[in-house]
J.: 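I have a structure here, written as structure tokens, and I will follow up with some questions on it.
All values below come from the heavy atoms of this structure, side chains included, with hydrogens, waters and symmetry mates left out.
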Amino acid sequence: ATSAALAMTAGGTSSGTFAATTPGLVQFTGGTHSLVTTAKFEGTGKTQFIGGTTNAVNTINATSSATTFDIAGGVITSEPTGSFNPVGNVNWTSGVIGGNFNVKAGSSIHLSSGNTKLMGTGAIVSNHGTATWTGPGTLQGYQSSTWNNKAGSTFIMTTDGDVFSQ
């Protein structure tokens, strides 16, 4: 996508490259999307997760530090042997992260908005970069979910938001 949105609405299995050049964007808006072996994200534009479920069957990488991921709804998850590895900037305002989610070194994840951000059952978020939480809202972890701040990473919380687990 170079100047408009490419909306993924119905689900399916993908193994290709999702590329967006600013101001273009790729949107996952509904259905169940399975990303396999060679699927990857690149470009200077945004990838938005707004609805549906996006599942990393294998290890899925972003290859450009200029890439921005907006998690504003839906579910991003992975199979036990897979992981989702964004580089660049991740903005998490709503929705669910499940499975293995790795914020790479030199990258950032920003939690904001008054909405609840959910870590699904067994989710593992590994922060190798910088996490910043601003604004109100809740970070909620379900059974056995874990947030790992790895060596050299930071987590900056400038809010009175709530953290709790169920």
J.: Quick check against the 3.5 Å criterion: does Thr159 have a side-chain atom that pairs as donor or acceptor with the backbone of Trp133?
T.: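 No, the answer is negative, given that no donor and acceptor are paired below the 3.5 Å cut-off.
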J.: If hydrophobic clusters are built from ILVMFWY residues whose side chains come within less than 4.5 Å, do Val26 and Val36 share one?
T.: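 No, Val26 does not connect to Val36 through the hydrophobic network.
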J.: Are Thr146 and Asn148 linked by a side-chain donor-acceptor pair shorter than 3.5 Å?
T.: no
J.: Please indicate whether Lys46 has more than 12 foreign heavy atoms, meaning atoms of other residues, nucleotides or ligands, lying under 6.0 Å from its NZ.
T.: no
J.: Which one of Ile60, Asn100, Ile124 satisfies the side chain to side chain contact (heavy atoms under 4.5 Å, CB included) criterion with Ser83?
T.: Asn100
J.: Could you tell me the separation between the CG atom of Leu118 and the OG atom of Ser94, rounded to the nearest 0.5 Å?
T.: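 Nearest 0.5 Å value for the CG-OG distance: 7.5 Å.
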J.: Measure across Thr81 and Val57 and return the closest heavy-atom pair with its distance rounded to 0.1 Å.
T.: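 Heavy-atom minimum between the residues: OG1-O, 4.0 Å.
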J.: Is there a donor in the side chain of Thr134 and an acceptor in the side chain of His110, or the other way round, less than 3.5 Å apart?
T.: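 The answer is yes; a qualifying pair exists.
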J.: Where the side chain of Thr22 meets the backbone of Thr44, is there a donor-acceptor pair that is under 3.5 Å apart?
T.: yes
J.: Between OG1 of Thr47 and CE of Met8, what distance do you get to the nearest 0.5 Å?
T.: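 Thr47 atom OG1 to Met8 atom CE measures 10.5 Å (nearest 0.5 Å).
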J.: Where do Leu35 and Thr54 land on the side-chain contact (heavy atoms from CB on, under 4.5 Å) test, with the steps shown first?
T.: CA-CA 7 Å; Leu35 306 181; Thr54 304; 3.7 Å; yes
J.: Quick one: closest heavy-atom pair of Lys104 and His128, and the distance?
T.: C-CB, 3.8 Å
J.: Do Ser15 and Thr38 make a side-chain contact, defined as non-hydrogen atoms from C-beta onward lying under 4.5 Å apart?
T.: yes
J.: Ala123 and Gly98: which non-hydrogen atoms are nearest, and at how many Å?
T.: CB-CA, 3.7 Å
J.: Donor-acceptor check, side chain of Asp160 to backbone of Pro136, threshold 3.5 angstrom: yes or no?
T.: no
J.: Between Ser145 and Gly120, which heavy-atom pair has the shortest distance, and what is it?
T.: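 Closest approach of Ser145 to Gly120: CB-O, 3.5 Å.
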J.: Answer yes or no: is there a side-chain heavy-atom contact under 4.5 Å between Tyr142 and Val96?
T.: no
J.: We want to know whether Thr77 and Asn55 form a side-chain donor-acceptor pair, criterion being a heavy-atom distance below 3.5 angstrom.
T.: no
J.: Looking at CD of Gln140 and OG1 of Thr116, how far apart are the two atoms once the value is rounded to the nearest 0.5 Å?
T.: 6.0 Å
J.: Can you tell me how far the CD atom of Glu79 sits from the OG1 atom of Thr59, to the nearest 0.5 Å?
T.: 11.5 Å
J.: Do you reckon Val103 sits in the same ILVMFWY cluster as Ile156, going by side-chain contacts under 4.5 Å, direct or chained?
T.: no
J.: Thr67 side chain to Gly43 main-chain N or O, any donor-acceptor pair under 3.5 Å?
T.: yes
J.: Could you check whether any side-chain N or O of Asp70 sits under 3.5 Å from a backbone N or O of Gln48, counting only pairs where one atom can act as donor and the other as acceptor?
T.: no
J.: Where do Lys117 and Asn115 come nearest, in terms of heavy atoms and distance?
T.: NZ-O, 2.6 Å
J.: With the 4.5 Å side-chain cut-off for hydrophobic clustering, are Ile109 and Val87 part of the same group?
T.: no
J.: Hey, could you give me the CG/OG1 distance between Asn89 and Thr130, rounded to the nearest 0.5 Å?
T.: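 OG1 of Thr130 is found 10.0 Å from CG of Asn89.
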J.: Would you please classify the geometry between the Trp92 ring and the Trp147 ring as parallel, tilted or perpendicular, with 30° and 60° separating the classes?
T.: parallel
J.: Just verifying a value: how many Å separate Thr29 OG1 and Phe49 CZ, rounded to the nearest 0.5 Å?
T.: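 Rounded to the nearest 0.5 Å, the OG1-CZ separation comes out at 11.5 Å.
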J.: Asn102 and Ser126: which non-hydrogen atoms are nearest, and at how many Å?
T.: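 Where Asn102 meets Ser126 most closely, the heavy atoms are OD1-CB, 3.3 Å.
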J.: If the test is ring-ring contact (aromatic ring centres under 6.0 Å, His included), which one of Phe69, Phe18, Phe84 qualifies with Phe28?
T.: Phe18
